[in-house]
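The block underneath contains the structure these notes are about, expressed in structure tokens.
Here is how names work: the chains are called A, B, and so on, in the same order as the sequence lines, proteins then strands, and each is numbered from 1. Every heavy atom of this structure was used, including side-chain atoms; hydrogens, water molecules and symmetry mates were not.
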2 protein chains.
Amino acid sequence: MDCSTRIDVRHTLIEELSTSTHHFCRLSHYDGGVAYESSLVNQLTDRLIAGELRPGARLSETALAKEFDVSRNTLREAFRVLGEQGLVNHIPHRGVSVASPSTADVIDIYRVRRHVECSVLENAPKNHPHADRMREAVEVAETAAAAEDWLLVGTANMTFHNALVSLSDSARLMRTFENVLAELRLAFLKVEFLDFLHAPFVVRNQEVLDAYLSGSSRAAAEMLGTYLGDSERQVLGAYARAGKD
Amino acid sequence: MDCSTRIDVRHTLIEELSTSTHHFCRLSHYDGGVAYESSLVNQLTDRLIAGELRPGARLSETALAKEFDVSRNTLREAFRVLGEQGLVNHIPHRGVSVASPSTADVIDIYRVRRHVECSVLENAPKNHPHADRMREAVEVAETAAAAEDWLLVGTANMTFHNALVSLSDSARLMRTFENVLAELRLAFLKVEFLDFLHAPFVVRNQEVLDAYLSGSSRAAAEMLGTYLGDSERQVLGAYARAGKD
DNA sequence: TAGCATGGATTGTTCAACAAGAATAGACGT
DNA sequence: ACGTCTATTCTTGTTGAACAATCCATGCTA
């Protein structure tokens, strides 16, 4: 998963939903191919999601500034953005560290997922254009699972759920959801979670999608609810086995 | 509505929900009575919500830095936080301006409100402790309406909906919702909205609460849904009358 | 009038410096 | 040995100045 791919997963859908210039900066704000401050945020996000900066790791301002070849002040601005997104934890006079979601955080994250995803799916219009993206994601996941490319399965799974939330046609809901999913990714990294654990859920994505497409949104939302409950249990189980909290 | 009151409305509930130290900085991060960087964010937020910095107004770095007696760099850090919260719009090389929600933004905000509030209410446990806060908010709103204190009615209304979302027991959902409500406040300010327009909704808050307390969460959620639809129409109508978009 | 150049203003970014709080190590006493 | 206190050291918080990059408005030219 190279950089551009990840950015695509995380930012493509929301761009299309954005009608006003409101969060223009946050989106792909390139000017003649040169990215501004958001470039630094994206670089940091990439490394966070890739697991190069492990959850809980302290991020030294001087060290990171040197590494990314920016000044401390510029880096601090990026830290504020990441802090607001929940990817890093900032404690005054103690610096920032990579967010290390606790058990309570995981539970909280899944609460958000249940409320947002289920509500969006239940109230989604009958033939939303983005349903195609969901189907595509399912297909990609299936072929990837057949080829045992678990990394691709994981990203396809993320794409599926992002596409699902995009059925709401709400840029803000998408943004919130993306931040939450990014946090969840850190939770995965924390317990050495491997992407192949996404595999059992490929078929359930399929089932949820079919239920929605057949017009029974309510049933689809309920299936998704139990789906998320199972997923949550799996993560919490991994936490317990790893002795994390 | 003085500063401490507003902070109370915006941050008290979420503090209680926050079990981990994750977003500790964002919360009331005081140390011996001295607030750090978040103090500046709070000051700016206060002035934004109070309407002293009108929606759409450009925020000059040098001018604001002098006004708040901080350096440009420190101010820029605060800008990044506010930008991520949606209160401020940042366009590279053109500076920051107070968010000025468009019609599309208002629609988007109400989409979030419907998904979040309705889902939370429908799935709220039967006797959630925070239901008391909802009742208190309703009572405050009623007495304030009788006294024709429309400002207080408006804040009580915000308190009601914040308390409602807190039924989810999710700190992240609360944070998102607070940001969205703050943005909606800017939309109100944009069209010279006066808080007395909240008044007709006092009784409907009461009805929604009663439905929930009587155990019919589904009915309560549906009432809330139509409630929000009416509220949205009201705001959009004001936008149309004011010729805004 | 349309297009273009120029100058002024603002933002983006860096650097060096110092203040302030936190963490570490060592001295001290029990 | 253990805990406590202090002093040193490190990191972060914040500032001011400086310069580059970009935008904007003005006026010029065709």
- Under the 3.5 Å rule, do the base of D/dG13 and the side chain of A/Arg94 count as making a donor-acceptor pair? no

- Message: Checking contacts here: which listed nucleotide (D/dT14, C/dT10, C/dG12) is nearest the side-chain heavy atoms of B/Ser71?
- Response: D/dT14

- Message: Let's go through A/Glu232 and A/Arg111 carefully: what are the C-alpha distance in whole Å and the side-chain angles of both, what is the deciding distance for salt bridge (charged side-chain N to carboxylate O under 4.0 Å, His left out) to 0.1 Å, and is it a yes or a no?
- Response: CA-CA 9 Å; A/Glu232 178 183 14; A/Arg111 270 199 265 262; over 6 Å; no

- Shortest side-chain distance from A/His93, nucleotide among C/dA17, C/dA20, C/dT14: C/dA20

- Message: Heavy atoms from C-beta onward define the side chain here; which of C/dT11, D/dT12, D/dG16 lies closest to that of B/Arg76?
- Response: C/dT11

- How long is the line joining CD of A/Glu77 and P of D/dT15, in whole Å? 14 Å

- Query: Which nucleotide sits closest to the side chain of A/Thr74: C/dT13, C/dG12, D/dT14?
  - Reply: C/dT13

- In residues 59-66 of chain A, what residues come within less than 4.0 Å of DNA chain D, judged by heavy atoms? A/Leu59, A/Ser60, A/Glu61

- Taking the side chain as every heavy atom from C-beta outward, state whether B/Leu59 and B/Phe79 have any atom pair closer than 4.5 Å. yes

- For B/Val70 and A/Val96, take the nucleotide of DNA chain D holding the closest heavy atom to each; which residue's nucleotide lies nearer the 5' end? A/Val96

- Query: The side chain of B/His90 lies closest to which of these nucleotides: D/dT14, C/dG12, C/dC15?
  - Reply: C/dG12

- Query: What integer distance in Å separates B/Ile91:CD1 from D/dC23:P?
  - Reply: 11 Å

- Mind checking side-chain hydrogen bond (donor to acceptor under 3.5 Å, both in side chains) for A/Arg76 and listing every partner two or more places apart, or none if nothing turns up? A/Glu61, B/Glu77

- Message: Which residues pass the side-chain hydrogen bond (donor to acceptor under 3.5 Å, both in side chains) test with B/Glu67, not counting sequence neighbours?
- Response: B/Arg47

- Message: Without decimals, in angstroms, what is the distance between B/Arg72 CZ and C/dT10 P?
- Response: 10 Å

- Message: Nearest to the A/Arg58 side chain among C/dT14, C/dT10, D/dT11, which nucleotide is it?
- Response: D/dT11

- Evaluate side-chain hydrogen bond (donor to acceptor under 3.5 Å, both in side chains) for B/Ser102 paired with B/Asp105, printing each intermediate quantity in order. CA-CA 5 Å; B/Ser102 67; B/Asp105 288 322; 3.1 Å; yes

- Message: Run B/Asn89 and B/Ser97 through side-chain hydrogen bond (donor to acceptor under 3.5 Å, both in side chains) and show every step you take.
- Response: CA-CA 5 Å; B/Asn89 192 7; B/Ser97 49; 4.7 Å; no

- Quick one: B/Phe79 CZ to C/dG12 P, roughly how many Å, whole number? 10 Å

- Query: What is the distance, rounded to the nearest whole Å, between atom CG of B/Asn73 and atom P of C/dT11?
  - Reply: 13 Å

- Roughly how far, to the nearest 0.5 Å, is CZ of A/Arg72 from CG of B/Asn73? 10.5 Å

- Euclidean distance, atom CG of residue A/Leu40 to atom P of C/dT13 [Å, nearest integer]: 9 Å

